[in-house]
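Everything on this sheet refers to the single structure shown next.
Whatever order the structure lists ligands and atoms in, that order sets their numbers, starting from 1.
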Amino acid sequence: MDKTFALFGCGKAGISVSLALKSAGWTVAGCGSRGLASAEAGAEWLACPVLRIPEELPPGIPLMLGVPEQALPEVDHEIASRDEAIQGRVIFHLSGAVPSRVLTRCRIKGAKVGSLHPLMILPDPLSGALALRSATFAVEGRPEALAVIRAMALAISGKCIALSPHSKVLYHAAAVTAANHLVALLWESQALLARAGVRPEEALPAFQSLVEGTVKNVYSAGPVASLTGPVERGDIGMVRNHLSALKRWPQSRERYRVMALAAVALARHRHPERSLDYDALEKLLS
Ligand SMILES: NC(=O)c1ccc[n+]([C@@H]2O[C@H](COP(=O)([O-])OP(=O)(O)OC[C@H]3O[C@@H](n4cnc5c(N)ncnc54)[C@H](OP(=O)(O)O)[C@@H]3O)[C@@H](O)[C@H]2O)c1
């Protein structure tokens, strides 16, 4: 396989992934963007020429789209109407939230569309490219596109999961739950601790070892074996006390209730023989 590609959309993700690919032996034929300034900045990062895309794209070169989700329909339209060598070209975007079929017009014109989503936060090109070496990539799309983007993912980190177009949104909800909702949960726990009288600047570090130890356990033993605490023990009195202590803060009480129900569902997997205890807990929490 010819390891050459071009980039359109010289933002954080596009440049990070392109830099990581360069380090892994791929060549960037050129890059373009909406504005000349960001295309020139991208070209400097990647040591490649600025290209007018799609007019100056060489035939047969895969095109990576590093543009935001909301710009994909417009970019799809622009490329489909101006790329004269679109037939058979692999064109893929980097979004985790939308499937490759968002590139409808390119697909109709004969492009092989796909998506390559790095499961990583890419705040800037340099730290992004470094972080990508340990990232998992989710790939989805036409078989011809999959062959290229899977090779890219394997070259960067060796870690790749395949998705169907229908499961893309569900996959994104899972990633949001793992990353964004975890942040919201820690913020909630910090707020509860502050209400318990712990100063805000002490509240977050107070739970650091507990949280890090829990995450470590989940990744060594799995979530089912890692669940501890009153729900897992079926301690209905303790959960009732928690709900009662949270009465003054109805929103926090509601969030606690929803998460405790999730913990009950998990506890059932751990101790199927204790279903009566968990039924009682579920009744209290529902
Ligand atoms: N950053 C991350 O952590 C991360 C991680 C994984 C996946 N992603 C995905 O990567 C994609 C890009 O995200 P990003 O964080 O790299 O965004 P970004 O930093 O805002 O960069 C987007 C780039 O797209 C360019 N662009 C070209 N045509 C555009 C148009 N019509 N409208 C708007 N922008 C246009 C912009 O160019 P100009 O500068 O010339 O305006 C900008 O450089 C998104 O789908 C995102 O979900 C991002």
Side-chain angles (χ1 to χ4, degrees), residues 5-22 28 30-46 48-57 62-83 91-106 113-141 145 149 152-153 156-157 159-161 163 165 168-183:
F5 70 100
L7 167 69
F8 181 73
C10 293
K12 297 178 284 294
I15 301 181
S16 299
V17 176
S18 300
L19 263 183
L21 280 169
K22 265 195 87 156
V28 190
C31 66
S33 206
R34 179 174 51 178
L36 185 61
S38 58
E40 284 176 347
E44 204 171 316
W45 274 107
L46 301 169
C48 72
V50 170
L51 290 183
R52 265 192 319 121
I53 291 178
E55 289 82 354
E56 294 178 351
L57 258 184
L63 177 62
M64 178 194 298
L65 302 177
V67 304
E69 280 85 9
Q70 64 272 24
L72 283 170
E74 174 194 334
V75 170
D76 171 52
H77 179 74
E78 288 293 305
I79 291 172
S81 51
R82 303 206 321 263
D83 183 1
I91 303 181
F92 62 98
H93 67 69
L94 301 175
S95 166
V98 291
S100 56
R101 60 169 178 249
V102 68
L103 304 171
T104 313
R105 292 185 177 88
C106 286
V113 298
S115 65
L116 171 73
H117 180 237
L119 269 163
M120 186 55 76
I121 292 162
L122 308 167
D124 62 80
L126 210 51
S127 55
L130 272 176
L132 285 170
R133 291 183 191 174
S134 60
T136 294
F137 290 81
V139 298
E140 163 273 328
I149 57 186
M152 289 177 158
I156 295 175
S157 68
K159 293 193 267 185
C160 176
I161 53 173
L163 300 171
K168 193 78 193 277
V169 178
L170 203 53
Y171 152 83
H172 194 244
V176 165
T177 301
N180 311 145
H181 293 181
L182 180 62
V183 174

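- Any N or O atom pair closer than 3.5 Å counts here, and Cys10 shares at least one such pair with ligand 1.
- The Ile121 neighbourhood of ligand 1 comprises atoms 3 (O), with distances under 4.0 Å to a heavy atom of that residue.
- Using a 4.5 Å heavy-atom threshold, the side chains of Phe92 and Met64 count as touching.
- Using a 4.5 Å heavy-atom threshold, the side chains of Leu63 and Asp83 count as separate.
- Summarising the geometry of Ala43 relative to Cys31, their closest heavy-atom pair is N-SG, 3.4 Å, with the distance given to 0.1 Å.
- Using a 4.0 Å cut-off between heavy atoms, Glu74 contacts ligand 1 through its side chain alone, with no backbone atom that close.
- The closest non-hydrogen atom to atom 22 (C) of ligand 1, taken over Gly9, Pro73, Gly66, comes from Gly66.
- Of all atoms in ligand 1, numbered sequentially from 1 with element shown, those under 4.0 Å from a heavy atom of Gly35 are 40 (O).
- Counting only non-hydrogen atoms, the option in Lys12, Met64, His93 that gets closest to atom 20 (O) of ligand 1 is Lys12.
- Note: no N/O pair closer than 3.5 Å links Gly14 and ligand 1 by distance alone.
- Here the protein heavy atom with the shortest distance to atom 21 (O) of ligand 1 is Gly11 CA, 3.2 Å.
- Here the protein heavy atom with the shortest distance to atom 44 (C) of ligand 1 is Val67 O, 3.7 Å.
- Heavy-atom proximity to Ala71, at under 4.0 Å, picks out these atoms of ligand 1: 30 (C), 31 (N), 32 (N), 33 (C).
- Of all the heavy atoms in Glu140 and Ser115, the pair that sits closest is OE1-OG, 2.5 Å.
- Val28 has its side chain out of reach of Leu21: every pair of non-hydrogen atoms, C-beta onward, lies at least 4.5 Å apart.
- The shortest non-hydrogen separation linking Met120 to Ser134 is CE-OG, 4.2 Å.
- Closest to atom 7 (C) of ligand 1, if we only count protein heavy atoms, is Leu94 O, 3.4 Å.
- Each of the following atoms of ligand 1 lies closer than 4.0 Å to a heavy atom of Ser95: 45 (O).
- Of the protein's non-hydrogen atoms, Arg34 NH1, 3.2 Å is the one closest to atom 33 (C) of ligand 1.
- Taking atom 37 (O) of ligand 1 as the reference point, the nearest protein heavy-atom neighbour is Ser33 OG, 3.0 Å.
- Ligand 1 has at least one atom lying under 4.0 Å from a heavy atom of Pro68.
- Counting atoms of ligand 1 from 1 in the listed order, those under 4.0 Å from a heavy atom of Glu69 are 44 (C), 45 (O), 46 (C), 47 (O).
- Contact check for Phe8 versus Leu57: no side-chain heavy atoms found under the 4.5 Å cut-off.
- Taking 4.5 Å as the limit, every side-chain heavy atom of Val113 sits out of range of all side-chain heavy atoms of Arg101.
- Residues His181 and Val176 have side chains in contact (heavy-atom distance under 4.5 Å, counting atoms from C-beta outward).
- Between Leu132 and Phe137 there is a side-chain heavy-atom pair separated by less than 4.5 Å.
- Closest to atom 38 (P) of ligand 1 among all protein heavy atoms lies Ser38 OG, 3.2 Å.
- Scanning the protein for heavy atoms near atom 3 (O) of ligand 1, the closest one is Leu122 N, 2.8 Å.
- Counting non-hydrogen atoms of neighbouring residues, nucleotides and ligands closer than 6.0 angstrom, the CD atom of Glu44 reaches no more than 12 such neighbours.
- Below 4.0 Å from some heavy atom of His117 lie the following atoms of ligand 1, by number and element: 6 (C), 7 (C).
- The closest protein non-hydrogen atom to atom 10 (O) of ligand 1 is Ala13 CB, 3.3 Å.
- Against a heavy-atom cut-off of under 4.0 Å, Phe8 is close to the following atoms of ligand 1: 27 (C), 28 (N).
- Closest of all the heavy-atom pairs between Leu116 and Val17 is CD2-CG1, 4.3 Å.
- Judged by the shortest distance from any of its heavy atoms, Met120 lies inside the 4.0 Å radius around the atoms of ligand 1.
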For Cys160 and Met152, run side chain to side chain contact (heavy atoms under 4.5 Å, CB included): C-alpha distance rounded to whole Å, both residues' side-chain angles, the deciding distance at 0.1 Å, then the answer. CA-CA 10 Å; Cys160 176; Met152 289 177 158; over 6 Å; no
